[in-house]
Participant: 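My questions will all concern the structure given below.
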There are 2 protein chains.
Amino acid sequence: MASDARERMVRSAAYLFRERGFSGTAFSDVIAHSGAPRGSIYHHFPGGKLELAEAAVRYTGDFLAAGVRAATRDDDPVAAVRAFVGWWRRVLVKSDFQAGCPIVAVTVESQLAEAAADAFRRWQDALAAGLVAAGATPVRAARLATLVVAAVEGATLLCRAGRCLDPLDDVIAELEDLIGIACDAS
Amino acid sequence: MASDARERMVRSAAYLFRERGFSGTAFSDVIAHSGAPRGSIYHHFPGGKLELAEAAVRYTGDFLAAGVRAATRDDDPVAAVRAFVGWWRRVLVKSDFQAGCPIVAVTVESQLAEAAADAFRRWQDALAAGLVAAGATPVRAARLATLVVAAVEGATLLCRAGRCLDPLDDVIAELEDLIGIACDAS
DNA sequence: GTCTATACGAAGATAGAC
DNA sequence: GTCTATCTTCGTATAGAC
């Protein structure tokens, strides 16, 4: 199938960006990892590496936003947040703290701010919707969702640098308290 | 002076990493920006680019930790946090949202986890000391300091992607509330 | 659509003179 | 300590056949 090779390349790119970053990941790496045919890169991605990176950012954004929505429970305001954090925790542990967020890598290394902002926004929206359903006001929910995304992305960086999960544990503990208070208050 | 050229190169590297990242910054860029002599790179940095990056990370870590300590006020628990956030805010605005944290760039792109972890830890220690002085318990202060560093680093990324200061504003609002409660509680 | 071969440029690192 | 010149590696992108 034609679009199958493209899909595999996008997923491999997202995977490889996590460990090696954008500049550190060559097309040949993506080919080798995905098993996609060599000659079809510029057929599927006429815009070159940037177009591949943009697709990888979009893929990661969609994937995690869907995960957050699926984990949302009206009676448990922190369930979705735990799912979100759990995903990053697994990325860190599975990679022995070598991997992080592919979107962060792309944001830092290339000029794909728009795609990155879209992905971050989808995560915030999904998290905020869950907080509203659990009782928070819309304004407060949006602010808390921003804090969750920022703190978890930052904590993932700290975990990667320090090669331990403590920062993520510390952050989630504080966030859960804060969210409990915000959802009870209204 | 001999060490003057070295110092200039380190500062320029830290500056350039913020916008272009580690791989995106060539030695020639550092030379051009710092005005340092071409032929002395490998004299000052025998370990090559990685040694330069490590020095840049250390420099940034020291610089900001000192800034946090200088802004610490025993009677105002959020003064140091505001100084910390204010620094990133200026970086974002001055660069028109093109620049971020050089240590994040190095963490994502190279394998200098140790130096990055040191820098993050110094920031956390400086912030935690201020929170303890303002009345928080040591354990809680450490946890909050981790949250502050993670959330601010993450928010800086979100600001850069979205090209606006809203994420940083949202994050600092929540953090100030949380810190006020933690310091009053004891 | 997929292949191979290659052009082209960039950048890190080294050698050796001054 | 600082210079210039160069080596070498690598990776994007293109050209053109199948």
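Predicted, not measured: the structure shown is a model, and the values here were computed from it. All chains are named by letter (A, B, ...) in the order of the sequence lines, taking the proteins before the strands, and each is independently numbered beginning at 1. Just the heavy atoms: all of them, side chains too, but no hydrogens, waters or symmetry mates, feed the values below.
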Participant: Do A:Glu176 and A:Arg82 meet the salt-bridge criterion of a basic N to acidic O distance under 4.0 Å?
Facilitator: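 Result for this pair is yes, salt bridge flagged.
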
Participant: Which residues pass the side-chain hydrogen bond (donor to acceptor under 3.5 Å, both in side chains) test with B:Asp62, sequence neighbours left out?
Facilitator: B:Arg122

Participant: Check DNA chain C against residues 18-39 of chain B and give the residues with a non-hydrogen atom under 4.0 Å, in numerical order.
Facilitator: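 Output list: B:Thr25, B:Ala26, B:Phe27.
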
Participant: Tell me: CD1 of A:Ile41 to C1' of C:dT4, nearest whole Å?
Facilitator: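 The answer, rounded to whole Å, is 13 Å.
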
Participant: Within the structure, does a side-chain N or O atom of B:His44 lie under 4.0 Å from either OP1 or OP2 of D:dT2?
Facilitator: yes

Participant: Assign the ring pair B:Phe63 / B:Tyr59 to parallel, tilted or perpendicular, where the plane angle (0 to 90°) is split at 30° and 60°.
Facilitator: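 Geometry flag for B:Tyr59 against B:Phe63: parallel rings.
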
Participant: So does B:His43 get a side-chain nitrogen or oxygen closer than 4.0 Å to the phosphate oxygens (OP1/OP2) of D:dT2?
Facilitator: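 False: B:His43 side-chain N/O out of range (4.0 Å or more) of D:dT2 OP1/OP2.
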
Participant: Any carboxylate oxygen within less than 4.0 angstrom of a Lys/Arg side-chain nitrogen, looking at A:Asp118 and A:Arg58?
Facilitator: no

Participant: Which residues satisfy the side-chain hydrogen bond (donor to acceptor under 3.5 Å, both in side chains) test with A:Ser23, sequence neighbours excluded?
Facilitator: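 A:Ser23: side-chain hydrogen bond (donor to acceptor under 3.5 Å, both in side chains) contacts with A:Glu109.
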
Participant: Write down the distance between OH (B:Tyr42) and C1' (D:dA5), rounded to a whole number of angstrom.
Facilitator: 15 Å

Participant: By a strict heavy-atom criterion of less than 4.0 Å, which residues belonging to residues 46-60 of chain B are in contact with DNA chain C?
Facilitator: B:Gly48, B:Lys49

Participant: Apply salt bridge (Lys or Arg N to Asp or Glu O under 4.0 Å) to B:Arg143 and list each qualifying residue two or more places apart in sequence or on a separate chain.
Facilitator: A:Glu174

Participant: The criterion is side-chain hydrogen bond (donor to acceptor under 3.5 Å, both in side chains); which residues satisfy it with B:Gln98, sequence neighbours excluded?
Facilitator: none

Participant: Does the A:Arg8 side chain pair with the main chain of A:Ser34, one donor and one acceptor, at a distance under 3.5 Å?
Facilitator: yes

Participant: Can you check the A:Phe45 CZ to D:dT12 C1' distance for me, whole Å?
Facilitator: 15 Å

